[in-house]
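Have a look at the structure below before the remarks.
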Amino acid sequence: VPFGGEAKDMEAHGGVVHMGVYTLARYLTMPADGRAVTEVARVDAAQEQTRPTSVTVDPRRGLVLMSTEPDYGRWEGALNIWDGQRFRSWRGILPDQTVQSVCPDPHGVFLGGSIVNGYGTTPTTTRAKLAYFDYRTERLAWLVEPTEGGVIVDLKLIGRVLVGMTRDGELFALDPRTREVLWRVDVGAVGGKLAVIDDRVFGTDGGRLWTVRVTRHEPTPSVLADGLNQSWFGTPEVVTDGARTLFTTRGLNLIRVDLS
């Protein structure tokens, strides 16, 4: 189905694929059968946003959360929340950073930052920020720097542990109640999007498919497949059906991994 632009991130929910599309920070939807694509909304041009970095659905509240990188030569990305009627945007919610990743919980949303702002700019910070945006107050409840990495490419809440992945291959865990960093482990040369099945998290660094079991104690990564020689243009990805199957790539080919 043709549409103008590049889908930077997408999530399927309720038979609908939700997409954040570059340029102009657009939100598009498509039924899972791919009949047609509909442009639902754009982030207000006054916010100076262009490149979506993450899209996820908060089914508890019927919201779509889309984080964005600012336009060329601009600083400070935004958290954008679609409520079914309009986008509301919080530009600069992570000071001097792009909002790179989002992860909802019942009362708000965790935000992972990136020191990279609009193309052509020079970073003014050195470590990615992690924050919690409270739906009730519409403000940050807390803000920390949990890693030496400059970009938090993904966040997942697994039980009472928040897990984050940095672009340079560090997986970290944080207790959201105390903001204590529980552990940090290196899982590869490059960090990518994460998939979750029960208490296990899965990822790929472009060459290996790995997994760890998430607890409050530092895990030892296990390699499920090696020699993948993946050819991602952007962030390496692995996805799951939520039960026993993973999908990623070997070279340019889609592969399926069935878990025992």
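The model shown is predicted, which means the values in this text are computed figures rather than measured ones. Values below: every heavy atom of this structure, side chains too, minus hydrogens, waters and symmetry copies.
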request  = Look at the rings of Y22 and Y72 and say which category their plane angle falls in: under 30° parallel, 30 to 60° tilted, over 60° perpendicular.
outcome  =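 Plane angle between 30° and 60°, so tilted.
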
key: Mutual orientation of the aromatic rings belonging to Y132 and W142 [parallel < 30°, tilted 30-60°, perpendicular > 60°]   =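 Judged by the thresholds at 30° and 60°, the geometry between Y132 and W142 is parallel.
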
Strictly distance-based, threshold 3.5 Å: is any side-chain N or O of [X] a donor or acceptor partner for the main-chain N or O of [Y]?
X    : Y    : answer
D33  : R35  : yes
N117 : T121 : no
T98  : V116 : yes
S101 : I152 : yes
Q49  : Q47  : yes
R127 : T147 : yes

inquiry  = To the nearest 0.5 Å, what is the distance between OG1 on T23 and CZ on R42?
reply    =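 Result: 7.5 Å between the selected atoms.
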
request  = Working to the nearest 0.5 Å, report the span between CD1 of I93 and CZ of R139.
outcome  =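 Reported to 0.5 Å precision, the distance equals 10.0 Å.
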
task = Mind running side-chain hydrogen bond (donor to acceptor under 3.5 Å, both in side chains) on Y27 and N80 for me, showing each step along the way?
result = CA-CA 10 Å; Y27 164 47; N80 310 281; over 6 Å; no

ask   = Think R74 forms a cation-pi with Y119, using NZ or CZ under 6.0 Å from the six-ring centre and within 45 degrees of its axis?
value =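 Judged by the rule, R74 and Y119 form no cation-pi pair.
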
message = Using the side chain to side chain donor-acceptor pair (under 3.5 Å) criterion, which residues pair with E138? Sequence neighbours excluded.
response =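 With sequence neighbours excluded, E138 shows a side chain to side chain donor-acceptor pair (under 3.5 Å) to R88, given in chain and number order.
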
query = With a 6.0 Å cut-off on ring centres, are F172 and W183 close enough?
reply =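 Distance test on ring centres: not under 6.0 Å, no.
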
